[in-house]
Amino acid sequence: MPQHLCIHGHFYQPPRFDPWLEEVLPEASAAPYPDWNQRINRESYDPLGAARILDHHGRISEIINCYEFINFNFGPTILRWMARHSPTTYHKILEGDRKSIERFGRGNAMAQIYHHIIMPLTTDEDRDVEIQWSIQDFQQRFGRRPEGFWLSETAVSTPDLEALARANVRFTVLAPRQARAISDSRGNWTDVSEDTLPKDQPYLIKLPSGLEISVFFYDGPISQAVAFENLLSDGEGFWQRIVANHDQQLLSLATDGESYGHHFKFGEMALAWVLKRALQEDSPLSLTNFSSYLDQYPPKQEVMIHEKSSWSCVHGIKRWQDDCGCSTGDHPGWNQLWRRPLRRSLNVIRYYVDEHYRHYAKELFRDPRQAMLDYGNCLCEGIGRDDFLRKHQARDLDQNQRAAALKFLEMQRMSLASFASCAWFFDDLGRIEPLNALSYGSRALEMLKDLQGPDVEPLVLEVLEEARSNDPALGDGPKIWKEQVLPRRVRPAHMAVMGACMQDRESFFSFPGLEFSTRKEKNLLEVDYKWTCLQEQGREKFALEQEGALDCRVQTEEGQSLGIGNLDKKLQDQILLQLDREHEEKVLSDLKQAASILGRHREVFFETGQQEPFAGRGILSLGMIMHYLASSEEPDDWSAFWKDVLQNNPYLVFLLKSMLEKELERLCSENLQLWDKAGEMIQKSRKLGIYPDIYHLQNRIWGMGLNLFKNHTLKMFDFKD
Ligand SMILES: [Zn+2]
């Protein structure tokens, strides 16, 4: 009998998108990357699509798209981001699923609960919405219906399984300790534990409604070892650990996708090695995925689960509403008493949002419930907003009514997004995840008010009074709401400040959720804006009080003076990025002009507020170093000098590295002759302690069948340096 191996990767990132701009904004903690999505994408998702297998000399001998051989789930929010920001990785994932269908008969990709909410803690209505939106998103991306669903944190109760079965989902995957009892073929039940449960087969759950769903239980110890026992440090060791268990009919592992490359540097190479070994002819195990295995070996036994259990809280699902003791363990002595009031406050918002929708959306939609269930098609751009409204409108709607109809749905979406599980997962209310949850809630409240709903904010704040951060400086819920959540709201006046900061008279800003243009005319600044998801437009004028990149100020209608310092940090960073872009081209050609802009940029970047003589000289150094790297005539002993200059200037290193990467990319895409030059630049930059990211260039060279090691230049691209 063939023995099977199924490795599952659960890929998940908390929703980081800003609820107004619909974009992930800069996060300083993710440096040297602009935000955590970028960082984890580069460290994990990206290399998994092109994972290297090295030969004995440390040279690339093979590059594997792991998504072709492992079972996996990615959530809609991260895929939407990836399609925009890392299309190559995104297409590797889609291609992986396509090829797995050719190989295994069924696809590797599973769907995931839309906002990664804890399903046992929600209502029947919201369960269906979260599942339907996810199916619609999956269909749009993968071109097929999902057969399996990953439950957030594998948190499960019977109503969740009923909802999945109603949506024709065939199976889910749970942790072994979530099984309570199994039956034999004659219907006799035996209690099981995670140790006694045979995990090498799928089980059937017969639901009270008469529907059925299958469940796989993964192998706990090896999955745990991937996360906590350094198994990914050595591909062959990982493989031997798996083979030691090959007497099982099915060995399935469930791992966090970020283990590969993010938690463990080069972990994707260990995985690629295991996949290569499993694909060899003499392998004792053959690779499979859950769907295809289910086809070949349908369940013979039934299972009963522990109601309201999960894979990451030994107390069931308390981690997402109580101070149960489960946390990351980074701060012994901290409590999580804030979890319950945080959930209650978001439940208050959810209740009023939903009530308002129930009562008033019927004036706009023929069937508000159906419109809501269908809205996922809009979110994944399977259908345009105009067509969507034509399909669901109660009658011919005018422009304002159409905007209101979309706002009703967006209000629902923001309220649902606030329940993403990560808000409760960690150890403090002051972290970014609860802040994001409250921001989504705040956005929902804002729209509720716009739609003539009740003002629920005082009630929400009352509940939040019970939530306290462990950091006394951050204080309680209302303080966090006032100081950190409310400033995130984006108003036309904030757009005006952004436009005023730009050098040009006219500027255009484009985010997925908001587009606006600004025009300066004498002492006035005009803003034209459009909230794209709402198809809502407007135009406002502001008095321009003061000019000059980062010193500019505008005056609001109420006579309030606003400058960059009055904006939320995210908008400040956004202005700096935009200024950077405005000046990218000019940096080398006009160093003097760029000096003032980038000098200030650096100041704000570090939030030091200090005036440093560096500002002007730094940018000049940057130009001179780039010139040094590009020139073949400079005497070599300059390297010590420039290394010294760079030593205490991390921001300069950051700028130099990104400029260098762009230059290398340019050289290598033009013609082969220029690769010599690129190779020299890499060598020279390494002497300065600068290590440009050349992963993709290396892969490309390898893919062209070039021998990396034959000549001196290509050796510069050598992985091992
Ligand atoms: Zn717990």
Inset, instruction - Show your reasoning for whether salt bridge (Lys or Arg N to Asp or Glu O under 4.0 Å) applies to K407 and E536. - result: CA-CA 9 Å; K407 194 171 271 188; E536 197 179 76; 3.0 Å; yes
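- Every residue two or more places apart in sequence or in another chain that forms a side chain to side chain contact (heavy atoms under 4.5 Å, CB included) with I383 is listed here: N377, C378, D387, F388.
- Between R402 and Q535 the shortest side-chain heavy-atom distance falls below 4.5 Å.
- The environment of CD in E462 is sparse: at most 12 heavy-atom neighbours from other residues, nucleotides or ligands sit within 6.0 Å.
- A distance-only check finds a donor-acceptor pair linking the side chain of Q112 to the backbone of G75 [under 3.5 Å].
- Contacts classified as ring pair (Phe, Tyr, Trp, His ring centres under 6.0 Å) and involving residues 473-512 (residues at least two apart or in different chains) are given here: F509-F516.
- Using a 4.5 Å heavy-atom threshold, the side chains of P434 and C422 count as separate.
- Other residues, nucleotides and ligands contribute at most 12 non-hydrogen atoms within 6.0 Å of the OH atom of Y352.
- Between atom CE of residue M626 and atom CG of residue L660 there is a gap of 5.5 Å, rounded to the nearest 0.5 Å.
- Checked by atom type and distance alone, the side chain of E410 never pairs as donor or acceptor with a backbone atom of L534 at under 3.5 Å.
- Looking at S469, its side chain never comes within 3.5 Å of a backbone N or O of L429 through a donor-acceptor pair.
- Using modelled atom types, one finds a donor on one side chain and an acceptor on the other under 3.5 Å when comparing R350 with Q412.
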Donor-acceptor pairs under 3.5 Å, side chain of residues 357-365 to any protein atom, not counting sequence neighbours: which ones?
from	atom 1	to	atom 2	distance (Å)
Y357	OH	P368	O	2.7
R358	NH2	D354	OD2	2.8
H359	ND1	E355	O	2.9

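- In this structure, R489 and P19 have side chains that are not in contact, with every pair of non-hydrogen atoms separated by 4.5 Å or more.
- Looking at H115 and P15, their side chains never come closer than 4.5 Å, going by heavy atoms from C-beta outward.
- Looking only at distances, a side-chain donor or acceptor of E661 sits under 3.5 Å from a matching main-chain atom of D693.
- Atom-to-atom distance recorded for K530:NZ and S517:OG is 12.0 Å, nearest 0.5 angstrom.
- The shortest distance between side-chain heavy atoms of L416 and R413 does not fall below 4.5 Å.
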Inset, instruction - Kindly indicate, with the supporting measurements, whether the criterion side-chain hydrogen bond (donor to acceptor under 3.5 Å, both in side chains) is fulfilled by Y90 and R141. - result: CA-CA 10 Å; Y90 180 65; R141 296 182 197 285; 2.9 Å; yes
Exercise answer: donor-acceptor pairs, residues 29-37 side-chain atoms, under 3.5 Å, sequence neighbours excluded:
from	atom 1	to	atom 2	distance (Å)
S29	OG	W36	NE1	2.8
D35	OD1	N37	N	3.0
D35	OD1	Q38	N	2.8
N37	OD1	R16	NH1	2.7

Inset, instruction - Decide yes or no on side-chain hydrogen bond (donor to acceptor under 3.5 Å, both in side chains) for N436 and R488, but give the supporting numbers first. - result: CA-CA 10 Å; N436 279 343; R488 287 181 158 201; 2.9 Å; yes
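- Between the CD1 atom of I131 and the CD1 atom of I113 there is a distance of 5.0 Å, given to the nearest 0.5 Å.
- When the shell of 6.0 Å around NZ of K541 is examined, it contains 12 or fewer heavy atoms from other residues, nucleotides or ligands.
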Inset, instruction - Under the salt bridge (Lys or Arg N to Asp or Glu O under 4.0 Å) rule, what do E446 and R443 come out as? Steps first, then yes or no, please. - result: CA-CA 5 Å; E446 193 182 46; R443 177 70 166 137; 2.8 Å; yes
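- For the pair R343 and W424, the cation-pi test (distance below 6.0 Å, angle within 45°) is passed.
- Proximity of L646 to I625: side-chain heavy atoms (C-beta onward) are separated by under 4.5 Å at one or more points.
- Taking CG of D126 as the start and OG1 of T123 as the end, the distance is 3.5 Å to the nearest 0.5 Å.
- By the 4.5 Å heavy-atom criterion applied to side chains, F425 and W320 are counted as neighbours.
- For the atom pair CZ of R80 and SG of C380, the computed distance is 9.5 Å after rounding to the nearest 0.5 Å.
- At most 12 heavy atoms of other shown residues, nucleotides or ligands fall within 6.0 angstrom of atom CZ in R539.
- Summarising the local packing, CD of E125 is surrounded by more than 12 heavy atoms from other residues, nucleotides or ligands at distances under 6.0 Å.
- The ring-ring contact (aromatic ring centres under 6.0 Å, His included) check on H116 picks up H10, Y12, with sequence neighbours excluded.
- Contact check for Q555 versus F542: no side-chain heavy atoms found under the 4.5 Å cut-off.
- The backbone N or O of E515 lies less than 3.5 Å from no partner atom in the side chain of S510, so there is not a single donor-acceptor pair.
- No side-chain donor-acceptor contact under 3.5 Å links D568 to the backbone of L571.
- At distances below 3.5 Å, at least one donor-acceptor pair connects side-chain atoms of E130 with backbone N or O atoms of Y114.
- Ion pairing between R390 and D386 fails under the 4.0 Å rule for side-chain N and carboxylate O.
- If you check the side chains of Y45 and Q13, you find a donor sitting under 3.5 Å from an acceptor.
- The backbone N or O of Q560 lies less than 3.5 Å from a partner atom in the side chain of T556, making a donor-acceptor pair.
- Donor-acceptor pairing under 3.5 Å is lacking for the side chains of N41 and D46.
- In this structure, the side chain of Q136 engages the main chain of L373 through a donor-acceptor pair within 3.5 Å.
- The closest donor-acceptor contact from the side chain of D504 to the backbone of S507 lies at 3.5 Å or more, if one exists at all.
- A centroid separation of 6.0 Å or more is found between the aromatic rings of F408 and Y375.
- In this structure, the separation between CZ on R505 and OG1 on T518 is 10.0 Å, given to the nearest 0.5 Å.
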Legend entry - H392 and D367: CA distance, side-chain angles, deciding distance, side-chain hydrogen bond (donor to acceptor under 3.5 Å, both in side chains) verdict: CA-CA 7 Å; H392 289 285; D367 179 349; over 6 Å; no
Legend entry - Candidate pair K449 and E457, rule salt bridge (Lys or Arg N to Asp or Glu O under 4.0 Å), full reasoning: CA-CA 10 Å; K449 254 174 120 174; E457 203 170 313; 5.4 Å; no
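- Residues passing the side chain to side chain donor-acceptor pair (under 3.5 Å) test with H85, sequence neighbours excluded: E23.
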